[in-house]
Amino acid sequence: MFVSRKVTAGVACIKNGVQKPPMNEQGEALVTSDGKLEMGDLSLKRDWGYAKEYVEAMYLMLQHEKPMDYVIGTNTTHTIEELCQIAFEHVGLNYKDHVISSDKFYRPTEIKELKGDYTRAKTELGWEPRTSFEDLVKLMVDADLERFK
């Protein structure tokens with residue numbers, strides 16, 4: 001489960017009081033019986049973008065007369081902690097009451113920051129991301145609130 005989906009599914013399960021949440025990557029319930037979401041390193045930075053917009057970029061790449069390599073991203077990063085904060089706030093909860101950073105989810109070879117520079121895609125294809133990180137997180141939380149009732 002990707003970290004973004006882990007967070008938004010966890011938020012939805014906590015908010016909706018789901019009794020049998022899905023499993024996490026350790027094969028345990030995603031949310032503990034006392035409403036906690038166990039995460040790894042919350043300081044890691046990622047470049048989150050909207051898949052729908054990335055598919056539009058792919059389509060534009062296929063329309064381009066000459067094959068090229070493009071990086072599709074937002075050229076911005078946000079921490080996993082920011083992801084948690086926005087997701088929980090969207091449903092009126094404080095992430096600090098529900099998120100636990102656990103050593104069992106730390107990865108020793110984890111890359112601290114991942115960011116994609118979409119300059120070439122903007123210059124050659126006219127593509128750029130339109131959905132903000134905050135709006136993306138809210139879209140995902142809303143989808144999971146509906147999914148985990």
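- When every heavy atom of L125 is checked against every heavy atom of A57, the shortest pair comes out as CD1-O, 4.3 Å.
- In this pair, F88 and H98 present their aromatic rings parallel. The plane angle is below 30°, not in the 30 to 60° band.
- Other residues, nucleotides and ligands contribute over 12 non-hydrogen atoms within 6.0 Å of the NZ atom of K36.
- Heavy-atom minimum distance, Y106 versus G40: CE1-C, 3.5 Å.
- The closest side-chain donor-acceptor pair between S43 and E81, if any, does not fall under 3.5 angstrom.
- Between H78 and F133, the angle of the ring planes stays under 30°, which puts this pair in the parallel group of the 30/60° scheme.
- Within 6.0 Å of atom CD1 in I111, 12 or fewer heavy atoms from other residues, nucleotides or ligands are found, so the atom counts as exposed in its surroundings.
- Ion pairing of D41 with K112 is present here, as a side-chain N (NZ or NE/NH1/NH2) and a carboxylate O approach within less than 4.0 Å.
- Within the 3.5 Å criterion, the main-chain N or O of T79 finds a donor-acceptor partner in the side chain of E82.
- In this structure, the side chain of N24 does not engage the main chain of L30 through any donor-acceptor pair within 3.5 Å.
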- What do the steps show when you test V71 against R120 for side chain to side chain contact (heavy atoms under 4.5 Å, CB included), and what is the final call? CA-CA 7 Å; V71 174; R120 177 184 269 180; over 6 Å; no
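- Placement of L93 and M140 within a single hydrophobic cluster is found when ILVMFWY residues are connected by side-chain heavy-atom separations under 4.5 Å, directly or transitively.
- There is a path of hydrophobic side-chain contacts, each under 4.5 Å, that joins V99 to L145.
- A salt bridge is defined here as a Lys NZ or Arg NE, NH1 or NH2 lying under 4.0 Å from an Asp or Glu carboxylate O, and R130 with E56 meets this definition.
- Although no hydrogens or angles enter the test, the distance criterion places no donor-acceptor pair under 3.5 Å between the side chain of D47 and the main chain of T77.
- Closest non-hydrogen pair, M23 versus A29, comes out as SD-N, 3.7 Å.
- Pairs engaging residues 84-103 under the salt bridge (charged side-chain N to carboxylate O under 4.0 Å, His left out) rule: none recorded [sequence neighbours left out].
- Across Y95 and C84, no two heavy atoms sit closer than the pair CB-O, 3.7 Å.
- A continuous path of Ile, Leu, Val, Met, Phe, Trp and Tyr side chains, each step under 4.5 Å between heavy atoms, connects M61 with M68, placing both in one hydrophobic cluster.
- Residues L37 and G10 approach most closely at CD1-CA, 4.3 Å, considering heavy atoms.
- The hydrophobic clustering, which links ILVMFWY residues whose side-chain heavy atoms are closer than 4.5 Å, places V7 and F148 apart.
- Rounding to the nearest 0.5 Å places OG1 of T8 at 8.5 Å from CZ of R147.
- Separating the CG atom in L44 from the CG atom in L114 is a distance of 8.5 Å, to the nearest 0.5 Å.
- The structure places CG of L83 at 5.0 Å from CH2 of W48, a figure rounded to the nearest 0.5 Å.
- The two residues Y54 and G49 have their closest heavy-atom pair at OH-CA, 3.2 Å.
- A donor-acceptor pair under 3.5 Å is absent between the side-chain atoms of S102 and the main chain of F105, judged by distance alone.
- Applying the salt bridge (Lys or Arg N to Asp or Glu O under 4.0 Å) criterion to K122, with sequence neighbours excluded, gives E128.
- V18 and V141 end up in different hydrophobic clusters when Ile, Leu, Val, Met, Phe, Trp and Tyr side chains are linked at under 4.5 Å.
- Under the rule for a side-chain hydrogen bond (donor to acceptor under 3.5 Å, both in side chains), Y59 has no partner lying at least two apart in sequence or in another chain.
- Judged by distance alone, with hydrogens and angles left aside, the side-chain atoms of N75 form no donor-acceptor pair with the main-chain N or O of T119 at under 3.5 Å.
- Salt bridge annotation for R46-E113: absent, with no cationic side-chain nitrogen under 4.0 angstrom from a carboxylate oxygen.
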- Checking side chain to side chain contact (heavy atoms under 4.5 Å, CB included) for the pair I80/M39: CA distance, chi angles, key distance, verdict? CA-CA 9 Å; I80 295 171; M39 302 293 295; 3.9 Å; yes
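- For CD of Q63, the number of neighbouring non-hydrogen atoms (other residues, nucleotides, ligands) closer than 6.0 Å is greater than 12.
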- Message: Before you tell me yes or no, could you show the steps for Q85 and N94 under side chain to side chain contact (heavy atoms under 4.5 Å, CB included), namely the whole-Å CA-CA distance, both residues' side-chain angles and the distance that decides it to 0.1 Å?
- Response: CA-CA 7 Å; Q85 180 181 359; N94 184 337; over 6 Å; no
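- Looking only at distances, a side-chain donor or acceptor of K15 sits under 3.5 Å from a matching main-chain atom of V91.
- In this structure, K6 contributes its side chain and E38 its backbone to a donor-acceptor pair below 3.5 Å.
- Under the 3.5 Å distance criterion, with hydrogens and angles disregarded, no donor-acceptor pair is assigned to the side chains of Y50 and T74.
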- Task: Let me see the working for H64 and E124 under side chain to side chain contact (heavy atoms under 4.5 Å, CB included), right down to the final yes or no.
- Result: CA-CA 9 Å; H64 200 259; E124 296 181 12; 4.2 Å; yes
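- Separating the CG atom in D135 from the CD1 atom in I86 is a distance of 9.5 Å, to the nearest 0.5 Å.
- In D34, the CG atom is crowded: over 12 heavy atoms of neighbouring residues, nucleotides or ligands sit closer than 6.0 Å.
- The residues E134 and K138 are annotated as salt-bridged, a charged nitrogen and a carboxylate oxygen being separated by less than 4.0 angstrom.
- For NZ of K104, the number of neighbouring non-hydrogen atoms (other residues, nucleotides, ligands) closer than 6.0 Å is greater than 12.
- Formation of a donor-acceptor pair under 3.5 Å by the W127 side chain with backbone atoms of E53 is found in this model.
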